[in-house]
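Worksheet for the structure shown next.
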Amino acid sequence: MSETSLNTQQVQQLDAEHHLHPFTNSGALNKKGARVIEKAQGVYLWDSEGNKLLDGMAGLWCVNMGYGRKELADVAYQQMQELPYYNTFFQTTHENAAQLAKEIASITPHDLNRIFFANSGSEAIDTILRLVRHYWAIEGKPYRNIIISRENAYHGSTLAGASLGGMGGMHAQGMPLVPGIEHIRQPYWYGEGGDMSEEEFGMACAQALEERILKVGPDNVAAFIGEPIQGAGGVIVPPANYWAEIQKICHKYDILLVADEVICGFGRTGKWFGSDTLNIKPDIISMAKGLSSGYLPIAAVAVGNRISDALIAHDDDFNHGYTYSGHPVSAAVALENIRLMKKENIIEYVGNDIGPYFQNALRERLGNHPLVGNIVGTGLIAGIALVKNKETKEFFADDIDIGTICRDHCFENGLIMRATGSRMVLSPPLVISRDEVDELIDKALLCFDLTLKSVS
Ligand code: PXG
């Protein structure tokens, strides 16, 4: 492993002078200096000051098989020597892209049998936006071009991703957005359900889809897109009846159903895909992150027969693609990652062992904490609402950034836990052990206590 020749301050200085960070107030960061991460192994990271951090977020929801997997490094090294790059345009392919497409098709739900490759979740989402509109044009209905999404959804940061997502802060920058996108309410029962039962709220949120379809005209709608469980929005698990209703409504109006599996895919919820866990039968799914455990950038769009058959029967090019679509090295790493997941029975481990252990431990050990309003999640994804008053569900006022206060305590005490607003979210590597889960929760408990002290 190469040792960095610069000390922490030198790296921070270079960074401040030349590096613009994503989703960051650069002025504020440059004043204090970025944390420098140096190495990683298993579920742990080390910064350049020698601090050891338990990574409760698997990087950015992606290092599913954990850090330091030599098998993944080895296949990348070998592939780079054999064929470091060739494209998949102009009637060429290579074995890794073909094998990976077959492998993905074999694990995706029902008839999602054809795979388009991209390099990031955002690119996969752009692909889907263009693909569904193109599909309806092929079908002779180019007017079917509206896509319905949800408030507080996250679908990436390219123009299409930001437009499809429902993040106000993103919509406010880089306007105008892509036209033809509508947003309906999110199924966030704890925060927005009011007096409704969970079931009533689930129904109301799904009916919001039907209302919007009727408002814009059923013949104008191409697709509905949603994350099975919202990730970046704070881990929002919809009411149990929600997806079945959404699906019914999509069928009723012949609207394509797109599941954005960039976070939920590859075992996060205890099955291969969130769609399996939530019983969704999408026409298209996007995936990225866990596809290569984040070791190299690669993403994919899995397309059901209805759409791929139409695309193939249509005697013309699909004028879309990326230089690195199906990159041979990324594909080799993704193939090896899937092989490892199967060899180590990681889906079973998350679904039947560590996932339930993690979810029970969170509820048993953190559920009674005075700051904790509620805990939701399944498998190895969880969201924890921090509240001022757990009896009345009163949230903290806007001037107390409770999530950031808590996140900072976590960092200082060797735990990476992400905050979205007042929700703390967790998504550790899928290979986490019971002892490591216990350690994660010990640390979280300590940090919730420190957070409470900070605001008392
Ligand atoms: N869809 C979903 C559901 C995602 O979570 C994307 C698309 C875009 O993927 P790329 O690879 O283009 O980033 C994502 C990404 C966060 C955070 O802070 C979440 C994501 C990315 C960066 C930060 O929670 N999700």
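Just so you know, these numbers come straight off a predicted model, no measurement behind them. Read the numbers this way: they start at 1 and go in the same order the structure lists the ligands and their atoms.
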task = Give a yes or no answer on whether the side chain of H21 reaches the backbone of S26 with a donor-acceptor pair at less than 3.5 Å.
result = no

ask   = Are D260 and R150 ion-paired here, with the side-chain N under 4.0 Å from a carboxylate O?
value = no

message = What I want to check is whether the side chains of T8 and S48 have a donor and an acceptor closer together than 3.5 Å.
response = yes

request  = Write out the protein residues near ligand 1, meaning a non-hydrogen atom under 4.0 Å from one of its atoms, in order of chain and number.
outcome  = L60, W61, S120, G121, S122, Y154, H155, G156, E227, A232, D260, V262, I263, K289, R418

query = Any chance the side chains of Y44 and E439 put a donor and an acceptor closer than 3.5 Å?
reply = yes

query = In terms of ring plane angle, is the pair F116 and Y322 parallel, tilted or perpendicular, where the classes change at 30° and 60°?
reply = perpendicular

ask   = Between D111 and K281, does at least one N-O distance fall below 4.0 Å, as a salt bridge requires?
value = no

